[in-house]
Chemist: 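First the structure, which I've put down as structure tokens, then a few questions once you've had a look.
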Amino acid sequence: MIAFEWDDAELYARTLAFAAQELAPGSAERIRSGSFDRELWRRAGAFGLAGLPVPKTYGGMGLGAAATAHLLEALGCGSNDAGLTFSLAAHLFACVVPLARCGSEPQKAALLPRLASGELVGASAISEEGAGSDVFALATSAVADGDDYVLHGEKSWVTNGPVADIFLVYARTQPNAGYFGVSAFVVEKERPGLRVGEPIAKVGLETSPTCSLVLEACRVPKHNLVGQLGQGAPLFEHAMLWERSCLFALYLGSMQTALDRVVEHAKTRRQFGRALGDFQAVSHRIADMKVRLEAARALLYRACFKLDRDEDARLDVAIAKLFVSEAAVQSGLDAMELFGGLGVASESGVERFLRDALPARTVSGTSDIQRTLIARALGL
Ligand SMILES: Cc1cc2nc3c(=O)[nH]c(=O)nc-3n(C[C@H](O)[C@H](O)[C@H](O)COP(=O)(O)OP(=O)(O)OC[C@H]3O[C@@H](n4cnc5c(N)ncnc54)[C@H](O)[C@@H]3O)c2cc1C
């Protein structure tokens, strides 16, 4: 068991109960129809979940990375609507965290309380058709014109895009300045020239709406620039440190639920006159699931503790992101296998662990990219 300095077991228990009582009911229907539920989002906001790391002065809970991750683990454990919790986490780490870190005082005062309360949904748009893993190759431009910047370009894979009120858009402000030529802007959904695409059907996380975004001569006032001109890339990297660690705590929670379910199944399902768990091939597979989960937990919280101590967490975050996402996929496969035919039946809910885990290896930088970051940290 990991000990937390803030040691708020009561808050963890309340979050687990909230997830089970408020987010889980009706999830099967929402998943089937792929619908985003704004009312549930507001309830999650009222509980505090849309503003976990937001300073208390701006209406958040003021939690650090480890404490935030711990509550997301509770959410992942208690709710079987992984899309909704993924959307909440994307709102937090890709939009709210960078705004809280580098937003101007008026930006923070105007936006953070509304984002933290669940009134507004946040999204982040950096990926493009030609800039996925090579994310700073982005081509969307922002050109100064009087008191405004004018944005042109097309973004892909924007989580929360179809329902977002606020987009944190990364655009090139200096054409030949590479990493230092990218800046971040707040773009409100009402801005003329901003167009959101249709939701993209996905293999899992169905209730997390994702779409492309078109910016056509989209004007934003200069005061919508977040942080300094040319500081968008480091800001994005900071957001990714939080996302690649804290967001993936959701998967610790779902791995715990999968483990609990297979243990129960292995005790009660009988074949050849014995409980499944009596067969060593079965019990060893479950033991491996437990080891994988505990290793994932240790790596993820180690990365979070480093973030909280303001230490260089880049290597730890890359290791954690890689390990947790691969572990979630393997444990999803194991759970499916251990339930036999039931494991592939949609109604059992077991196949969800795998379906919701599959995108984890791609989002927030693929497993290959995490390996590249790890190799780079080793001097390769
Ligand atoms: C569900 C979902 C939600 C997302 N949400 C957002 C969002 O909110 N905002 C946003 O901006 N983006 C978002 N993304 C985009 C996501 O960050 C990208 O999909 C991801 O970075 C990979 O980029 P790509 O899809 O272009 O794949 P590519 O970069 O084309 O990669 C394809 C394959 O090539 C491999 N590859 C590429 N380059 C290398 C290399 N140098 N070395 C080794 N292997 C390499 C990759 O690992 C991968 O296996 C989301 C994606 C998904 C699936």
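Treat the numbers as computed from the prediction; the structure is a model and nothing was measured.
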Chemist: Return the OG1 to CG distance between T68 and D308, rounded to the nearest 0.5 Å.
Modeler: 8.0 Å

Chemist: Who passes side chain to side chain donor-acceptor pair (under 3.5 Å) against Q271, sequence neighbours left out?
Modeler: none

Chemist: Under the rule for salt bridge (charged side-chain N to carboxylate O under 4.0 Å, His left out), what residues qualify as partners of R355, not counting sequence neighbours?
Modeler: E206, E351

Chemist: Any sub-3.5 Å donor-acceptor pair from S245's side-chain atoms to W242's backbone N or O?
Modeler: yes

Chemist: What closest approach, in Å, do L213 and V158 show between heavy atoms, and which atom pair accounts for it?
Modeler: CB-CG2, 4.2 Å

Chemist: Checking K202 now: which residues fulfil salt bridge (charged side-chain N to carboxylate O under 4.0 Å, His left out) with it, not counting sequence neighbours?
Modeler: none

Chemist: When clusters are formed by joining ILVMFWY residues with side-chain heavy atoms under 4.5 Å apart, either directly or through shared neighbours, do I286 and Y251 land in the same one?
Modeler: yes

Chemist: Between the side chains of R30 and T207, is a donor N or O closer than 3.5 angstrom to an acceptor N or O?
Modeler: no

Chemist: Using every non-hydrogen atom in the two residues, find where A24 and A20 come nearest and quote the distance to one decimal.
Modeler: CB-O, 3.4 Å

Chemist: Of all heavy-atom pairs between E198 and C211, which one has the smallest distance, and what is that distance?
Modeler: O-CB, 3.5 Å

Chemist: Which heavy atom of A303 sits nearest a heavy atom of A313, and at what distance?
Modeler: O-CB, 4.0 Å

Chemist: With sequence neighbours left out, what residues match D316 under salt bridge (charged side-chain N to carboxylate O under 4.0 Å, His left out)?
Modeler: R302, K306

Chemist: Would you indicate whether the side-chain heavy atoms of V329 and L354 approach each other to under 4.5 Å?
Modeler: yes

Chemist: Within a strict 4.5 Å, meaning less than it, do heavy atoms of the L373 and K321 side chains meet?
Modeler: no

Chemist: Not counting sequence neighbours, which residues clear side chain to side chain donor-acceptor pair (under 3.5 Å) with S27? List them please.
Modeler: N80

Chemist: Looking at P53 and F93, what are the two nearest heavy atoms and their distance?
Modeler: CG-CE2, 4.5 Å

Chemist: Working note: L338 + M289, criterion side chain to side chain contact (heavy atoms under 4.5 Å, CB included); need CA distance, chi angles, decisive distance, verdict.
Modeler: CA-CA 11 Å; L338 288 163; M289 287 175 74; 3.9 Å; yes

Chemist: Answer whether the closest heavy-atom distance between the side chains of D148 and P221 falls below 4.5 Å.
Modeler: yes

Chemist: Salt bridge (charged side-chain N to carboxylate O under 4.0 Å, His left out) with K267: which residues, sequence neighbours excluded?
Modeler: none

Chemist: Determine whether V363 and F248 satisfy the following criterion, side chain to side chain contact (heavy atoms under 4.5 Å, CB included), listing intermediate values before the conclusion.
Modeler: CA-CA 10 Å; V363 297; F248 288 82; 3.9 Å; yes

Chemist: Does E294 come within less than 4.0 Å of R297, counting only side-chain N to carboxylate O?
Modeler: yes

Chemist: Can you classify the ring geometry of W41 versus F36 as parallel (below 30°), tilted (30 to 60°) or perpendicular (above 60°)?
Modeler: tilted

Chemist: If we count only N and O atoms by modelled type, under 3.5 Å, do the side chains of E128 and T140 hold a donor and an acceptor together?
Modeler: yes

Chemist: On a heavy-atom basis, which atom in L194 and which in E188 lie closest, and how many Å separate them?
Modeler: CD2-O, 3.8 Å

